[in-house]
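Notes for the one structure printed next.
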Amino acid sequence: MGGGPAGLSAAIYAARAKLHTVVVDEGLIGGQVATTFHVANYPGTNGVVRGVDLMENMKKQAVDFGAHIDDLKEISDINLEGKEKIIITENTDYYAKAVLIATGATPRRLQADGEREFRGRGVHYCATCDGALYHDANVLVVGGGESATEEAVFLTRYAKHVTIVNKHDYFRASKTARDEVLKNPNISVMWDSEVRKVNGDNFVKSVIIENIKTGKVEELDMDGLFVYIGMQPKTELFMGKVGMNEQGYITTNEDMATNIPGVFAAGDVREKKIRQIVTAVGDGAIAGIMAERYINEK
């Protein structure tokens with residue numbers, strides 16, 4: 001379940017081992033990576049590769065080994081107990097000897113008045129998807145991690161000026177990403193600050209920001225804002241059915257096995273410290289191999 005790098009890597013290993021392998025995804029194959037403009041740290045590439053191209057290569061490899069891709073299939077119910085697992089979608093019931101949960105994570109929503117009203121009309125969570133809409137505009141980026149800094153730099157391709165609102169007085173991003181932001185004349189940073197309200201009519205017009213140290217509140221004219229304040233796992237479907245931590249991430253051992261025999265988890269959906277494409281691929285490879293061993297042992 002899930003067609004990002006973890007799910008596709010598992011499918012490559014499972015299909016190559018001659019297991020009947022199906023990848024089910026509620027959206028299009030590729031996960032978060034498919035919406036990433038470029039990937040610069042994936043081993044074996046020529047420095048920079050478009051996220052959509054990297055995922056298309058993984059998909060083709062899985063299909064070439066015999067995996068079947070069922071995308072745009074929303075899962076309505078599951079039964080993970082017993083020797084045969086059941087996955088139910090709107091038009092297909094899948095029966096499997098082993099299941100891998102690789103549903104990934106989704107961006108955490110901005111907790112500010114007006115976020116829901118202006119979502120898609122000035123409030124965005126994917127600069128690669130929507131950045132081109134803001135040519136010669138003033139945009140806000142919320143966050144201080146790797147994604148926020150990288151996407152702020154990306155947005156300067158289109159925007160006249162990018163303002164980063166960071167609730168800390170430091171960036172949590174890598175030094176390379178920090179340096180790119182701080183040396184860019186088209187990016188300014190508001191430290192120790194949070195967005196309190198988004199204003200507008202049909203589209204975003206301004207944003208109210210509070211400095212959480214001084215209490216100063218100001219309103220900035222903005223054409224749009226892009227939010228990067230962390231992720232939350234897509235595990236609602238599995239609540240009470242597999243072991244999870246307090247944040248809703250699925251707990252596994254080093255073999256990617258959950259507390260339910262025959263059920264594995266890999267990628268951003270599982271509890272771990274580092275969430276990168278390369279770690280998702282590693283998780284998926286382990287899960288694919290261990291799923292094959294589990295089935296053979298049975």
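- In this structure, Arg196 contributes its side chain and Ile208 its backbone to no donor-acceptor pair below 3.5 Å.
- In summary, the side chains of Ser174 and Glu146 do present a donor paired with an acceptor at a separation below 3.5 Å, with no hydrogens or angles considered.
- Applying the 6.0 Å contact sphere to CZ of Arg178 captures more than 12 heavy atoms from other residues, nucleotides or ligands.
- Here the CG-OG1 distance, from Leu54 to Thr45, works out to 7.5 Å after rounding to the nearest 0.5 Å.
- A donor-acceptor contact shorter than 3.5 Å is absent between the side chain of Ser9 and the backbone of Ala6.
- Between Glu56 and Lys60, none of the side-chain N atoms (NZ, or NE/NH1/NH2) sits under 4.0 Å from a carboxylate O, so this pair counts as no salt bridge.
- Interatomic distance, Met55 CE to Ile277 CD1, rounded to the nearest 0.5 Å: 7.5 Å.
- His168 pairs by the ring-ring contact (aromatic ring centres under 6.0 Å, His included) definition with Tyr170, not counting sequence neighbours.
- A distance of 3.0 Å separates OG of Ser188 from NE2 of His161, quoted to the nearest 0.5 Å.
- Taking a 6.0 Å sphere around NZ of Lys272, one finds it holds more than 12 heavy atoms contributed by other residues, nucleotides or ligands.
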(message) If you apply the rule side chain to side chain contact (heavy atoms under 4.5 Å, CB included), what do you find for Arg293 with Ile289, and how did you get there?
(response) CA-CA 6 Å; Arg293 292 182 181 179; Ile289 292 169; 3.7 Å; yes
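- Expressed to the nearest 0.5 Å, how far CD1 of Ile87 lies from CG of Asp70 amounts to 12.5 Å.
- Across every non-hydrogen atom of Leu100 and Ala10, the tightest pair is CD2-CB, 3.2 Å.
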(request) Could you go through the side chain to side chain contact (heavy atoms under 4.5 Å, CB included) check for Gln276 and Tyr42 one step at a time? (result) CA-CA 9 Å; Gln276 293 283 298; Tyr42 191 78; over 6 Å; no
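- Between Val204 and Gly122 the shortest heavy-atom distance is CG2-CA, 3.5 Å.
- You'll find the side chain of Glu26 stays beyond 4.5 Å of the side chain of Ile75, heavy atoms only.
- By the rule that hydrophobic residues join a cluster once side-chain heavy atoms approach within less than 4.5 Å of another member, Ile260 and Met256 end up as members of separate clusters.
- With hydrogens and angles disregarded, no donor-acceptor distance shorter than 3.5 Å links the side chain of Thr149 to the backbone of Ala177.
- Glu254 CD: 12 or fewer foreign heavy atoms inside a 6.0 Å radius.
- Just one residue in the list Thr103, Asp25, Val269, Val23 forms a side chain to side chain contact (heavy atoms under 4.5 Å, CB included) with Met1, and that residue is Thr103.
- Of the possible donor and acceptor atoms, one in the side chain of Arg275 sits under 3.5 Å from a partner among the backbone N and O of Asp268.
- Asp179 places no side-chain N or O within donor-acceptor distance of the main-chain N or O of Leu182, the cut-off being under 3.5 Å.
- Cluster annotation: Tyr125 is not connected to Val33 through the hydrophobic network of ILVMFWY side chains, with a link wherever side-chain heavy atoms come within less than 4.5 Å.
- For Lys167, the NZ atom counts as loosely surrounded, since its 6.0 Å shell holds 12 or fewer non-hydrogen atoms of other residues, nucleotides or ligands.
- Heavy atoms of other residues, nucleotides or ligands lying less than 6.0 angstrom from CZ of Arg116 number 12 at most.
- Using a 4.5 Å cut-off on side-chain heavy atoms (C-beta onward), Pro43 and Val278 make contact.
- In terms of modelled atom types and a separation under 3.5 Å, the side chain of Thr235 and the main chain of Gly248 share a donor-acceptor contact.
- Between the Ser206 side chain and the Glu219 main chain, no donor and acceptor come within less than 3.5 Å of each other.
- Taking CD of Glu90 as the start and CD of Glu74 as the end, the distance is 7.0 Å to the nearest 0.5 Å.
- Counting non-hydrogen atoms of other residues, nucleotides and ligands closer than 6.0 Å to NZ of Lys85 gives a total above 12.
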(message) Apply side chain to side chain contact (heavy atoms under 4.5 Å, CB included) to residues Tyr94 and Thr89 and explain how you reach the verdict.
(response) CA-CA 8 Å; Tyr94 303 90; Thr89 69; 3.6 Å; yes
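- Annotation: side chain of Asn211 is not in contact with side chain of Met190 (no heavy-atom distance under 4.5 Å).
- Linking Ile, Leu, Val, Met, Phe, Trp and Tyr whenever their side-chain heavy atoms come within less than 4.5 Å puts Ile78 and Met239 in one cluster.
- Ring to ring, His124 and Phe226 are close: their centroids are under 6.0 angstrom apart.
- Across Asn253 and Arg270, no two heavy atoms sit closer than the pair O-NH1, 4.5 Å.
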(message) As a quick check of understanding, evaluate salt bridge (Lys or Arg N to Asp or Glu O under 4.0 Å) for Lys241 and Asp77, giving each step before the final call.
(response) CA-CA 11 Å; Lys241 298 181 179 180; Asp77 198 12; 3.6 Å; yes
Please tabulate, for the side chains in residues 136-143, all donor-acceptor contacts under 3.5 angstrom to protein atoms that are two or more places apart in sequence or on a different chain.
none

(request) Begin with the C-alpha distance, continue with both residues' side-chain angles, and end with the deciding distance and a verdict on side chain to side chain contact (heavy atoms under 4.5 Å, CB included) for Asn186 and Val162. (result) CA-CA 6 Å; Asn186 294 325; Val162 176; over 6 Å; no
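- Here the shortest heavy-atom pairing between Ala62 and Leu8 reads CB-O, 4.3 Å.
- Summarising the geometry of Ala257 relative to Phe264, their closest heavy-atom pair is CA-CD2, 3.6 Å, with the distance given to 0.1 Å.
- Between the Lys205 side chain and the Gly200 main chain, no donor and acceptor come within less than 3.5 Å of each other.
- Cluster annotation: Tyr228 is connected to Leu133 through the hydrophobic network of ILVMFWY side chains, with a link wherever side-chain heavy atoms come within less than 4.5 Å.
- In this structure a side-chain-to-backbone donor-acceptor pair under 3.5 Å is present from Ser193 to Trp191.
- Contact record, Ala15 with Ala67: CB-N, 3.7 Å, taken as the closest heavy-atom pair.
- Environment of OH in Tyr13: sparse, with no more than 12 heavy atoms of neighbouring residues, nucleotides or ligands closer than 6.0 Å.
- The OG1 atom of Thr128 sits 8.5 Å away from the CG atom of Leu155 when rounded to the nearest 0.5 Å.
- Note: the hydrophobic cluster containing Phe118 also contains Ile229 (ILVMFWY, side chain heavy atoms under 4.5 Å, direct or indirect links).
- Counting only heavy atoms from C-beta outward, the side chains of Leu28 and Leu72 approach each other to under 4.5 Å.
- In this structure the side chain of Gln111 reaches within 4.5 angstrom of the side chain of Arg109, judged on heavy atoms.
- Side-chain atoms of Thr258 come within 3.5 Å of backbone N or O of Val263 as a donor-acceptor pair.
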